[in-house]
Amino acid sequence: MPELPEVETARRGIAEQFVGRRVVGYELTRTFLIVAAPGLSLDGLVGATLESVYRHGKYLLLTFDPFSLVVHLKLAGQLVARGGGIPGFAAGHPVPAYDADLPHKSTHLRLDFAGDAVLYLTDIRHFARVWLLPHDAVPDYFARLKLGPDVLDPVFTVDVLRARLATRTVGRLKPTLLDQSVIAGLGNIYVDESLWQAGLHPERTAASLSPAELTGLYDGIMRTMAHALPIGGARILNGKAQPEHGEFPFVHGREGQPCPRCGTPIIKTHVNHRGTYTCPHCQPAP
DNA sequence: AACTACTCCTGGAGGC
DNA sequence: TGCCTCCAGGAGTAGT
């Protein structure tokens, strides 16, 4: 599912291939995708230029001259760029049966840009949303989300992680790290990967972490991001890691496969109703 | 604060 | 082959 690395892959692709281009047309095939502030519609984008793209956690902000778009891909959204004039990219949840020909039955929005560049939004689960907001409503919109610091923001240091976890001492690590108001960007896959990197069980509490373990958790998050970003994120289908996508992720979606560190079979449990993958040897239960 | 339960939705997988 | 059921999950909300 799209988490920080997948959304960051989209942000980079859009920044490099679409910023400065003018929208020349669009097709919206699933109207529920759009949540528009009064008076705004996609019609107002035609002729508008994309000025910038910004990401906080799993949210994307596209700023056009007349108004802004906030995009969240949720569980199964994907942004795909195609066109004769650009390299293109695909970021987010793959739709393997139809990857070859866009648009397909799960394509909800096509944005046509000048110079033969096309941006598609696809979503097999129909949870993704695009909000249309006046520029002056954007700060309030993000303030209401109460997002914690973005994991890739240079301000996110081990001291910041310690301070954020100090607000949630009793709760278990996995639900805490999934809470976007604590830190922003990690989802089910990357929390599992980060905790495995750190050798921490998901049901440990923040209060139980030694200083070394807390530093290890920070390093685990950063190592996980460093693995995921160069390859455009993880490729998980129906809860299973895809073998053709290499060894990443290391534990998520790999029930029964050997832990890359010690060889012990990875086990799957549920924490807060979320499928959770751990190495029982590297991540001892509390 | 921290937890549970529920909601949105569809496609893939497993059972028979 | 073809039904049927279950499961996957980000985030918002409500209830305890």
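Sequence lines set the chain letters: A, B, ... in the order given, protein chains first and strands last, and positions in each chain run from 1.
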(request) If a protein heavy atom is under 4.0 Å from the base, mark B; if only from the sugar-phosphate, S; if neither, -; do that for nucleotides 10-16 of chain C going 5' to 3'. (result) BBS----
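Direction of the helix axis in the helix from dA2(B)-dT16(C) to dC16(B)-dG2(C) shifts by 50° between the two five-pair termini, rounded to 10°.
In this structure, CG of Asp123(A) is placed 12 Å from P of dC9(B), rounded to the nearest angstrom. Rounded to whole Å, atom C1' of dT10(B) lies 9 Å from atom NZ of Lys105(A). Leu33(A) places its CG atom 14 Å from the P atom of dC9(B), with the value rounded to the nearest Å. When rounded to the nearest whole Å, the span between NE2 of His108(A) and P of dC9(B) equals 12 Å. Between the CG atom of Asp179(A) and the C1' atom of dG9(C) there is a distance of 16 Å, given to the nearest Å. To the nearest angstrom, C1' of dG11(B) lies 10 Å from NE2 of His126(A). A straight line from NE2 of His104(A) to C1' of dG11(B) spans 13 Å, rounded to a whole angstrom.
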Identify all side-chain donor-acceptor contacts of residues 214-221 of chain A below 3.5 Å with residues at least two apart in sequence or on another chain.
unit_1	atom_1	unit_2	atom_2	d
Thr215(A)	OG1	Pro211(A)	O	3.1
Tyr218(A)	OH	Phe156(A)	O	2.8

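The two residues Met225(A) and Leu4(A) have their closest heavy-atom pair at SD-CD2, 4.0 Å. Of all heavy-atom pairs between Pro260(A) and Trp196(A), the closest is CD-CZ2, 3.7 Å. Nearest heavy-atom pair, Ser52(A) versus Leu50(A), reported as atom, atom and distance to 0.1 Å: O-CD1, 3.5 Å.
Atom CZ in Arg274(A) sits 8.0 Å away from atom NZ in Lys174(A) (nearest 0.5 Å).
Remark: Asn272(A) is not in phosphate contact with dC3(B), judged by side-chain N or O atoms under 4.0 Å from OP1 or OP2.
Looking at the side chain of His273(A), the nearest of the listed nucleotides dG11(B), dA2(B), dA5(B) is dA5(B).
With hydrogens and angles ignored, the 3.5 Å screen pairs a side-chain donor or acceptor of Asp150(A) with a backbone N or O of Gly57(A).
In this structure, the ring of His72(A) has its center no less than 6.0 angstrom from the ring center of Phe127(A).
In this structure, a donor-acceptor pair under 3.5 Å is present between the side chains of Gln78(A) and Thr122(A).
With contacts defined as side-chain heavy-atom distances shorter than 4.5 Å, the pair Pro202(A)/Arg172(A) does not qualify.
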Every protein N/O lying under 3.5 Å from an N/O of nucleotides 2-7 of chain C:
none

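Taking the nucleotide of DNA chain B with the nearest heavy atom to each of Gly171(A) and Arg30(A), the more 5' of the two is matched to Gly171(A).
Among pairs with a residue in residues 25-34 of chain A, those fulfilling side-chain hydrogen bond (donor to acceptor under 3.5 Å, both in side chains) read Tyr26(A)-Asp43(A), Glu27(A)-Arg110(A), Arg30(A)-His108(A), Arg30(A)-His126(A), at least two apart in sequence or across chains.
Grouping Ile, Leu, Val, Met, Phe, Trp and Tyr residues whose side-chain heavy atoms lie under 4.5 Å apart, directly or via other members, places Val70(A) in a hydrophobic cluster with Val35(A), Tyr54(A), Tyr59(A), Leu61(A), Trp131(A), Leu133(A), Val138(A), Tyr141(A), Phe142(A), Leu145(A), Leu147(A).
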